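A quick write-up on the structure given underneath.
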Protein chains: 2
Amino acid sequence: MHNIRKPPTMADVAHRAGVSPMTVSRAFKREASVSRETREAVLRAADELGYVFDSTASNLRSQRTDFIAVTIPSINNANFADTVRALSDGVSERGLQILLGYTNYDVQEEERLVEQLLRRKPEAIVVTGGKHTPRTRKLLTNAGIPVIETWDLPEEPIGHVVGFSNAQAVREMVDHFVAVGYRNIAFIGGDASRDTRGADRRAGFIAAMKDHGLDAPRLIAAGPPPISMREGANAMGQLLERFPDTDAVICVSDLSAYGAITECQRRGIAVPEKIAIGGFGDYEIGAICVPSLTTINAFASEIGGKTAKLILDVLDGKLGEPGRVTIRPDLILRQSSL
Amino acid sequence: MHNIRKPPTMADVAHRAGVSPMTVSRAFKREASVSRETREAVLRAADELGYVFDSTASNLRSQRTDFIAVTIPSINNANFADTVRALSDGVSERGLQILLGYTNYDVQEEERLVEQLLRRKPEAIVVTGGKHTPRTRKLLTNAGIPVIETWDLPEEPIGHVVGFSNAQAVREMVDHFVAVGYRNIAFIGGDASRDTRGADRRAGFIAAMKDHGLDAPRLIAAGPPPISMREGANAMGQLLERFPDTDAVICVSDLSAYGAITECQRRGIAVPEKIAIGGFGDYEIGAICVPSLTTINAFASEIGGKTAKLILDVLDGKLGEPGRVTIRPDLILRQSSL
DNA sequence: TACTTGGCTGGTAACGATAACATGGACGAA
DNA sequence: TTCGTCCATGTTATCGTTACCAGCCAAGTA
């Protein structure tokens, strides 16, 4: 009964509904002016034919894709996932869809990814972090669409920014630790070469220590980012052996911090009595583990939500010049520190 | 010096390089036959003009988007993230890109999402789970592209399947628990109405208990899925109060199981001496927490990897009929159970 | 009545790449 | 030499929708 038919087009729907293709097109748009009856007739015809709207043609002709391109370092990170979720929810109300890619914490990979994403002609592009290869910067600058850098406060932003200072956030934790009496404070992070946010946190740690007149020799690099719980635990082991007088540790993330806590538990070292531990990111585990974890809430969801709002404003032409939204992370004190 | 110029097209590049647009098109494809010199000249001209390849036009004309559409219940779940990552890595070698959406564990939302994704004309679509609304089934069936259901073994698959039996996996844990002497075993999960994989696990639990001649009155529903650590902890509190004679608990996920462990710690209840705990999913935390967590490895990455391979085979025409790849989850025994 | 105004609908020509087919020249075999 | 083959390149038409511009008609206004 059916030959290998091509899928129906708007023309087919138009024919069946007794209208022009142009009217079918309008019937599929929310705001377009079509009479109620006509729209219903068109949608009914479309349904009967099993018509599926073809975005590829729409994208080309209208020069709009309704894509928002997003790059994150890793898809397996609850912080970035929170940001993406809030961003996605925020823009989806306007029919915008996230086109997501991950860079593996590698600026070269970011370059490839950004180029690939820009070919899809997104309405805007959101990148995590403010450090890029020269070619990435050039691509983003010339893309002709809004560019939003997040999770960082770049000194020379490409366009818009929704972020916070990783260094400053860690500084506040150091200030607190010093205020309550810790002196031999260590820092556990990943190899600094790749994860720029992690490097900023470590730099903030060192600078803050210096400002308190303290040296910062206790630096453990636990491997290529992201640092897992396991790597955090291993780093804690190293730390305890190399610097037995350490009285507090700040970890680059809650995950590594939790790993560090468990390593102390396995070694029978009391947290926080013998050693205090701080994390970063306010992951769920930090609130529920025993002892609970002192950490920094960087408001990952807010970053996504405010990025979404920024994008909508820019696309609406409500924003003349590049926006700069600064988030102020919160120090959350819990049982793992005094 | 700059007017509001339109971005350059292939025609512009062709003109500058002294070739035809067709040759430019070929120069941008990997396999196309273009002489080395010509290709280099074209790419140089493109670079000088700041030309960015326009996928939207390519997509329409070639009727290929190189998208693989994927739906997952939540973007904040390490298991699904693992699957997506492996899938993405597996197909990206062939220039295929993931177009990701999440359903919030809601089949209605899945329906909306699937329709939206299909409009983008992906080369294939991967859905998590085997339960769908009738309309979703119809959309997928008629889409004319490979459909792969994952993380489940549907009785009536729409197309291909890469999954495992959630019920069977839990059954094996029950079998083990019973074999080592536990009798008063409880199950902590989410409200069954939405998360079908969670519901399958619970059903598997009840059936297995029955097969051992045991009742299964100890069922705690901890709220809408996904169940967080916190909800797992709360559920554990309820369980201890309502069924004090419980000697073992199986949780719908490692996250809720870890929450349950912490609740026991806060109440001074020894795990596994007073109560054994099992999780699901082999999240990193289960391997590192103290006590470490007995769990089920569902091989999330393998699901993604095998799905990628399946897609490539199907697109190459190497597969005549629907594929059915069955994963066999592994029971991992750790300290939280005897 | 004549003339706006505004809501709805239709016709035509793109959007920018590339599938399909054609062509021209280099090269080797007969 | 002559013909066939293959590689590199060009020409033409098209993918399916929608921007743009009209046109029509009913309702409101002077």
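Note that the coordinates shown come from a computational prediction; the quantities given were computed from them, not determined experimentally. Values below: every heavy atom of this structure, side chains too, minus hydrogens, waters and symmetry copies. In the text below, chain A, chain B and the rest are named by the order of the sequence lines, each starting its count at 1.
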So, with a heavy-atom separation below 4.0 Å from DNA chain C, the residues of residues 111-122 of chain A are none

Just jot down the side chain to side chain contact (heavy atoms under 4.5 Å, CB included) partners of Ser301(A), sequence neighbours excluded, or say none. Asp82(A), Ala86(A)

By side-chain hydrogen bond (donor to acceptor under 3.5 Å, both in side chains), Glu115(A) pairs with (sequence neighbours left out) Arg135(A)

Any ring pair (Phe, Tyr, Trp, His ring centres under 6.0 Å) pairs touching residues 63-97 of chain A, not counting sequence neighbours? Phe67(A)-Phe67(B), Phe80(A)-Trp151(A)

In plain terms, say whether Arg16(B) and Asp12(B) are close enough for a salt bridge, that is, a side-chain N and a carboxylate O under 4.0 Å apart. no

Please produce a list of atom pairs where a protein N or O lies less than 3.5 Å from an N or O of nucleotides 23-27 of chain C.
none

The ring pair (Phe, Tyr, Trp, His ring centres under 6.0 Å) partners of Phe299(A) (sequence neighbours excluded) come to none

If the helix axis at each end comes from five base pairs, how far does the helix from dT1(C)-dA30(D) to dA30(C)-dT1(D) deviate from straight, to 10°? 30°

Sidechain-backbone polar pair: Asn77(A) side chain, Asn79(A) backbone, donor-acceptor under 3.5 Å: yes

Partner set under side chain to side chain contact (heavy atoms under 4.5 Å, CB included) for Gln116(A), not counting sequence neighbours: Leu113(A), Gln97(B)

Using chain B heavy atoms and a threshold of under 4.0 Å, write down where along DNA chain D the contacts begin and end, 5' to 3'. dA8(D) to dG16(D)

Do side-chain atoms of Glu123(B) reach the backbone of Thr65(B) as a donor and acceptor pair under 3.5 angstrom? yes

Would you compute the distance between atom CG of Leu310(A) and atom CG of Leu315(A) and round it to the nearest 0.5 angstrom? 9.0 Å

Excluding sequence neighbours, so at least two apart, what forms side-chain hydrogen bond (donor to acceptor under 3.5 Å, both in side chains) with Thr56(A)? Asp54(A)

Could you tell me whether Arg44(A) and Glu48(A) make a salt bridge, using a distance below 4.0 angstrom between a side-chain N and a carboxylate O? no

Is there a donor-acceptor contact under 3.5 Å linking the side chains of Ser20(A) and Thr23(A)? yes

Here the ring pair (Phe, Tyr, Trp, His ring centres under 6.0 Å) pairs for residues 97-144 of chain A, sequence neighbours left out, are none

Test: Arg119(A) and Asp66(B) ion pair at under 4.0 Å: no

Within 6.0 Å of NZ in Lys306(A), more than 12 heavy atoms from elsewhere: no

How does each nucleotide of nucleotides 8-16 of chain C score, in 5' to 3' order, for protein heavy atoms under 4.0 Å: base (B), sugar-phosphate only (S), or none (-)? SBBB-BBBB

